[in-house]
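Here the structure is laid out as structure tokens; the discussion comes afterwards.
Here is the naming used below: chain letters follow the sequence lines, and residue numbers restart at 1 for every chain.
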12 protein chains.
Amino acid sequence: MAPEPQTLRIGVLHGPNLNLLGSREPELYGTTTLAEIEDRLRAAAEAKGAHLEFFQSNHEGTLIDWVQSARGRFQGLLVNAGGLAHTSVALRDALVAVSIPFVEVHLTNPYAREPFRRTSHLADVAVGLVCGFGPLSYLLGLQGLIAHLRAG
Amino acid sequence: MAPEPQTLRIGVLHGPNLNLLGSREPELYGTTTLAEIEDRLRAAAEAKGAHLEFFQSNHEGTLIDWVQSARGRFQGLLVNAGGLAHTSVALRDALVAVSIPFVEVHLTNPYAREPFRRTSHLADVAVGLVCGFGPLSYLLGLQGLIAHLRAG
Amino acid sequence: MAPEPQTLRIGVLHGPNLNLLGSREPELYGTTTLAEIEDRLRAAAEAKGAHLEFFQSNHEGTLIDWVQSARGRFQGLLVNAGGLAHTSVALRDALVAVSIPFVEVHLTNPYAREPFRRTSHLADVAVGLVCGFGPLSYLLGLQGLIAHLRAG
Amino acid sequence: MAPEPQTLRIGVLHGPNLNLLGSREPELYGTTTLAEIEDRLRAAAEAKGAHLEFFQSNHEGTLIDWVQSARGRFQGLLVNAGGLAHTSVALRDALVAVSIPFVEVHLTNPYAREPFRRTSHLADVAVGLVCGFGPLSYLLGLQGLIAHLRAG
Amino acid sequence: MAPEPQTLRIGVLHGPNLNLLGSREPELYGTTTLAEIEDRLRAAAEAKGAHLEFFQSNHEGTLIDWVQSARGRFQGLLVNAGGLAHTSVALRDALVAVSIPFVEVHLTNPYAREPFRRTSHLADVAVGLVCGFGPLSYLLGLQGLIAHLRAG
Amino acid sequence: MAPEPQTLRIGVLHGPNLNLLGSREPELYGTTTLAEIEDRLRAAAEAKGAHLEFFQSNHEGTLIDWVQSARGRFQGLLVNAGGLAHTSVALRDALVAVSIPFVEVHLTNPYAREPFRRTSHLADVAVGLVCGFGPLSYLLGLQGLIAHLRAG
Amino acid sequence: MAPEPQTLRIGVLHGPNLNLLGSREPELYGTTTLAEIEDRLRAAAEAKGAHLEFFQSNHEGTLIDWVQSARGRFQGLLVNAGGLAHTSVALRDALVAVSIPFVEVHLTNPYAREPFRRTSHLADVAVGLVCGFGPLSYLLGLQGLIAHLRAG
Amino acid sequence: MAPEPQTLRIGVLHGPNLNLLGSREPELYGTTTLAEIEDRLRAAAEAKGAHLEFFQSNHEGTLIDWVQSARGRFQGLLVNAGGLAHTSVALRDALVAVSIPFVEVHLTNPYAREPFRRTSHLADVAVGLVCGFGPLSYLLGLQGLIAHLRAG
Amino acid sequence: MAPEPQTLRIGVLHGPNLNLLGSREPELYGTTTLAEIEDRLRAAAEAKGAHLEFFQSNHEGTLIDWVQSARGRFQGLLVNAGGLAHTSVALRDALVAVSIPFVEVHLTNPYAREPFRRTSHLADVAVGLVCGFGPLSYLLGLQGLIAHLRAG
Amino acid sequence: MAPEPQTLRIGVLHGPNLNLLGSREPELYGTTTLAEIEDRLRAAAEAKGAHLEFFQSNHEGTLIDWVQSARGRFQGLLVNAGGLAHTSVALRDALVAVSIPFVEVHLTNPYAREPFRRTSHLADVAVGLVCGFGPLSYLLGLQGLIAHLRAG
Amino acid sequence: MAPEPQTLRIGVLHGPNLNLLGSREPELYGTTTLAEIEDRLRAAAEAKGAHLEFFQSNHEGTLIDWVQSARGRFQGLLVNAGGLAHTSVALRDALVAVSIPFVEVHLTNPYAREPFRRTSHLADVAVGLVCGFGPLSYLLGLQGLIAHLRAG
Amino acid sequence: MAPEPQTLRIGVLHGPNLNLLGSREPELYGTTTLAEIEDRLRAAAEAKGAHLEFFQSNHEGTLIDWVQSARGRFQGLLVNAGGLAHTSVALRDALVAVSIPFVEVHLTNPYAREPFRRTSHLADVAVGLVCGFGPLSYLLGLQGLIAHLRAG
């Protein structure tokens, strides 16, 4: 009988405005709330032997603090930085500083929106990118991250 | 006798460094303090049947929190985002998320200053823009906002 | 008893196509005619001790002639240059040449329209800018201009 | 017997320097005069049950006046704006304001000339574009316009 | 009695996706099929003493092969390169290599669509350009081409 | 007992050079062959009640032919266009023409490679994008596509 | 005794705002009026056997009319187009159309002013350029033009 | 005996992620901790008659608050804004608002890193810049600042 | 006696329109045919102990197929990609995928032609570049390639 | 009797390749040699009470040395920097460092030549610019410079 | 007793116009002469066990010669390239060719001056950069260089 | 028996830093010295009836002097301008001024290095370009030049 794989600990980071999910522009972002997304993520993670912790903030600095505190606590991160993905060099620096592999996710497809959403300060240092599938983007990104960590 | 128009509730947002008004670079920004501006705004609003609440912060995240909390509390916003107007996609996202009409104001005329002040992440989603009149920019923006809300 | 403030003489310049107001693209520009705007402006000005003269032309050169003739006749100008705001260096030169403070106004919010409307040859030499409030943009710009002239 | 189609009224606008046709740079623009072009256009139009009126001016403002006066008089416009096609937002605004479908024509092929002729402020709001065929550009543009109006 | 003008032989090239005409995005491209367009073109050509041959392919290389084979077979070409107009230097090279005058046509007006449709690798080496009239663009382009060839 | 969901038919498109998988630059693309990827995709699809068909070509035109033939045969497409994602307007046009929802996938993370891989002619018309997870990118993209089609 | 050289007829064109010379921004443009400049130019021309005619307008179209009328009347033109130098393709077209050699002059040095004054639609089709010497720019440009015409 | 020079009070600001020094990417940033840097800075300052106070935060707004509070407390600032140097107009505005001379320092050489690190919103309003020497950058910047303040 | 060096096997790839050599724009490309170039290349190669195989196609996909098939068959490639050099990321990817050293050649000097010929998707992954010498470019490129392979 | 104006001392600087005048591309630069130009300049200068000294070098450094040595020796400089005008910041720095007014001259009209000749590192710090008149450019520039110095 | 550290040999390079220090634009560059700077540098170096040699030239080529001769003679270089920092690829090449670590220094803060001073061909291959402190920039750069060399 | 072809005289120009060959960055430029390259070039030239003269300098001005002196002495030039290829308009001007055909060579492949090496001020006026083959680039360029001169 094969040994149990080690339980992975993964942090999930939600950036500005994601706490509004379910009520914010539902025609664009859907009606699922962040709590519902987290429930689905938790269930999917546990089925694959992974434990998740969640964090949301509208504050760039608070997000950076949390990323810094992630060292030693998580083997991987799932990051939806919201609007900060396009503007924050400091958040990028924090993610690089802690050297934890991360996957970038977006609910919507930024390439189908305003031009300033076509650049990301995170994408070129991420493992990979999933966008455009609504809440499912998180679930797919989680699978990609777990596979990456198991393979590493 | 015509019925009284409904009292409008309007939030006024001041971004980074506006708390310094009156002492900061007076040759550029004048000697009126933020409290004095707020007094004049409150008087003007009440004369038009509107009630104002004010908020100032130097923190992008705190400003976003406040914008999120504005839903259901205000029918319109008057926003002087200071330097964040040129850099914050997350603040723009918050303003769009809460779907409250807002007017962008600036004390100075950004087109007569450094090139990086010529772009705004807020202007194309605002109702309108008033800039260059010192404290009066707020008062004119308030009139424009009230008219827009009454007409809407 | 305080002395009456001096009567201000202010010129109001309407550029190309503004004579069509009320019938041109009403979903964008509204149904108020230019004559109605002028009536409202005149009333507001007289209440503040200012006298207005109006001028509209579709001809860049005629607008420049009028700006040149404004020296000595007006203490301030209210300028809605329409499409010329984005293309005319010569109109800018005329406004600078006569050294009369002016405020730039637009009925619509150019930042929410085509990209070529995001640059103005007038904005950086104007006192201030008001846009996006329909006919009210003129009224707010007039207030800003009068306050600027009274303060000067 | 099928009913006669309604007679279409179409305005033809010639911009700056087109009055020189026949003598101006004949190696580039040919030796046909503007009057000869108009005769050929008139004949072609009448064969298709359309009536034409012509207008030429070297003045942007005069061209705008004429476009404004076109409302109610013409169902379609054929526009050769000459050099103004590349520089005039105000002429574009006039054409959009009167909401009359128009076709843009050029005698020469601007893509084979100087780089600044590769942008047009009219093309994206025109029905279509015909260029490079000398005087025939007008005739082809007229056919395209009539077909568009009959189909509309 | 005037001698019959020589019969012109003209090739008509349809690029990628034009075989879908009639069913592809009918709100944009209309319901006329490519076969119907070809019938109308053939009739118009014969009335002017011209004989047409048609070719469509979704393959850049196949289109280039055909252009190369056109030497000696055709005096002129009518080219709707579809999306390749914006990206193919090799097709341009083939058209220049065979030295056969050609007219560029498009069903829609590319200036009213995405920005990447505003550049063409063909336009500056074409005789002329017709766009925006639906199937009629081909017919007008054909007239322009025949006139150019008769005049040459 | 709930009724079986309808079997989905999904086409999977592999662009140029993907037939080399397993031997091409293994340090970048891994050692899994395309056949192995297809086996894994087929198994995953069948578990979700979807049937897949695969197609690979190094020829832009052949890929376009196949996309055109997909109408009526598939409800969704999974597209890894390889290098054509950055250069082919014609492939984009084909995908838009057939109006079949598609997901764009890449084995590697193009944002971590050469600058010319940062633009895609497909991304803004895709449902979503998955990249950077090696063969797993296809599997995640398939899940996203199926969820999108089931939700649609 | 050597024969008298032929009298040259030269047109001098002043563009928008040059009628203000002497009173407009004297710290930038000096206190000499346009009439005084014309007197000095006339004297200098007569000493060299040339006759001058002057024309000023603030209207692009009127300037173009005058340039068109210059054919057959003048052998050379001295052109200070003011702000139109940077924006008018139509004036450039007129100057090219009449095929009269011209020299571009400016009172100030545009390279030491705003960036939008660094491009000229006239410079590359002019014989030469003189700028930065105040009224003397006209006199130097006249000498250059006469020498060019005598040499031609 | 020469009088003792006045004790200078200098504030030292560390931006996002600098609290990680010593453990963050040591091959890039070295193994010295921020506390060790501060000890060395304090010793160097005291030897030159200067007193230092230190402040670190990952929050833009907290950094701005601190800069605002610096007025009257410090004669000079030593600023390592980390990633905010490239993105924060609000921090720049705060530094300009308090009118305290400051020196910008970086541990690494940003010109040898990613392109987005080549622009700084602080450099053009700083006294000077020191970068690339690891912790020594702070010490050199401190010397430069003290010399500037003593000379001022 | 020194041992014979190993016979090198080299593939020579000609892209779109090169089959026309000798008849296509002879003033630009000369009158030598592709067959004649191949004869000269073959002779030169055999004198240096190398065996050549030639391939020409106007189809990007066919060229990619051939490059893929080159693995194991050739030690080096001589590539004249014609117009595809400027547009094809997929051909670049194929050349990189097979890991065979190649030299880029052009008959003409692209730097002396249109601007869009100044960028190449091949040059930065090639061993070297030879251009501007007509058919001799191939011969010089072959020498460079052989020397590179012998040295490798 | 009016006092003699002071004799002006003016330095004339010729940059790289100007020593070739008369033989270098005569169709572009004419057949007059540099010595002949200097004779004509000297005569013109003496008639206006100015003394000239000439210097030519092909070495940027040598030209800078000479500019440095000009302090105290000349009141004005006439500078034809040749190709260095477009590239040399160091020569610009030298001219600014010695604070001697200078006029920039060119024999040809750089705006009618290659694009890289459209920028000058000297023009914005020069008194004025004369170009396009062949050797006469020097004479006109000299007049402009003398007038500037006499007025100063 | 600790062994004496090895004496370091360091070359100091001054580029164009630095020989003017003390008299050139003193409001910008101060009144200290280059000899005085060198005396201060020499004293500081000897206190740290380093020996300096100085070299100044206005000639790019002479500076390159000197850099080339530095191999084997110096362990580090202190380089103030003046205006050449922004334009000279050849000087950069020389510095890279000799593989001697160097620090770039500037007396003034180039980021607060003209835009063309914002790029440096040296900065990305330097150890570090110090600017804006007047002569002290050299001293700070020297300290940084010595620390780097001792650490290396 | 065929007459001996005329002996060709060819000048070979080496720009800055090429005198360091053999010791400068050997991993990039190899270990062959410039003298060895010249020996190989001389032998190859004599075998083809050509005589070579060599010149190297690190001084732009000295290189220009030598190019000027080449008139009448050489029928062709082989030019490796080093870093000056990317920056020197003056060297380009000298090469154009003397009207001697030249070939541009580089030891390395500049397209595989820094972006600023992708532009050349020489390439568009050269006969051809050879790069990337180390010392062999000179030999191939020489062959191309001789063939060009013999054909001319």
Side-chain angles (χ1 to χ4, degrees), chain A residues 13-34 55-67 79-92 94 104 106-123 131, chain B residues 11 13-17 19 55-77 79 81-102 104 110 114-127 129:
Chain A
L13 194 64
H14 312 291
N17 300 305
L18 288 160
N19 55 323
L20 295 185
L21 269 184
S23 58
R24 166 195 185 194
E25 297 168 273
E27 73 293 350
L28 186 60
Y29 292 103
T31 56
T32 312
T33 66
L34 196 58
F55 189 73
Q56 193 275 335
S57 175
N58 295 327
H59 302 238
E60 181 195 44
T62 307
L63 295 166
I64 293 169
D65 287 345
W66 187 86
V67 169
V79 178
N80 181 354
L84 291 176
H86 316 300
T87 64
S88 176
V89 172
L91 182 56
R92 169 203 179 92
E104 181 179 0
H106 291 283
L107 296 165
T108 60
N109 178 352
Y111 302 97
R113 301 180 63 189
E114 303 96 328
F116 59 77
R117 291 195 206 271
R118 296 196 169 211
T119 56
S120 162
H121 277 310
L122 307 186
C131 64
Chain B
L13 194 65
H14 313 290
N17 299 306
N19 56 324
F55 190 72
Q56 192 276 333
S57 175
N58 295 327
H59 302 239
E60 182 196 43
T62 306
L63 295 165
I64 292 169
D65 288 345
W66 187 86
V67 169
Q68 292 188 358
S69 75
R71 244 190 331 189
R73 293 173 51 219
F74 303 115
Q75 285 113 315
L77 300 176
V79 178
L84 291 175
H86 316 301
T87 64
S88 178
V89 171
L91 183 55
R92 169 205 179 90
D93 283 355
L95 285 160
V96 171
V98 296
S99 287
I100 306 176
F102 73 94
E104 181 180 0
E114 302 96 329
F116 59 77
R117 291 193 208 273
R118 297 195 169 212
T119 56
S120 164
H121 277 308
L122 307 185
D124 65 309
V125 288
V127 170
L129 174 67

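Ranked by heavy-atom pairs shorter than 4.5 Å toward chain A, the options B:Val96, B:Leu91, B:Val98 are led by B:Val96. For chain A, the option among B:Ser99, B:Ala97, B:Ala90 with the highest count of heavy-atom pairs below 4.5 Å is B:Ala97. Of all the listed residues (B:Ile64, B:Asp93, B:Thr62), the one sharing the greatest number of non-hydrogen pairs under 4.5 Å with chain A is B:Asp93.
A side-chain donor-acceptor contact under 3.5 Å links B:Gln56 and B:Asn58.
Of the possible donor and acceptor atoms, none in the side chain of A:Asn80 sits under 3.5 Å from a partner among the backbone N and O of A:His14.
Ring orientation note: the planes of A:Phe116 and B:His121 are nearly perpendicular, at an angle over 60° on the 30°/60° scale.
Between B:Phe55 and B:Leu77 the shortest side-chain heavy-atom distance does not fall below 4.5 Å.
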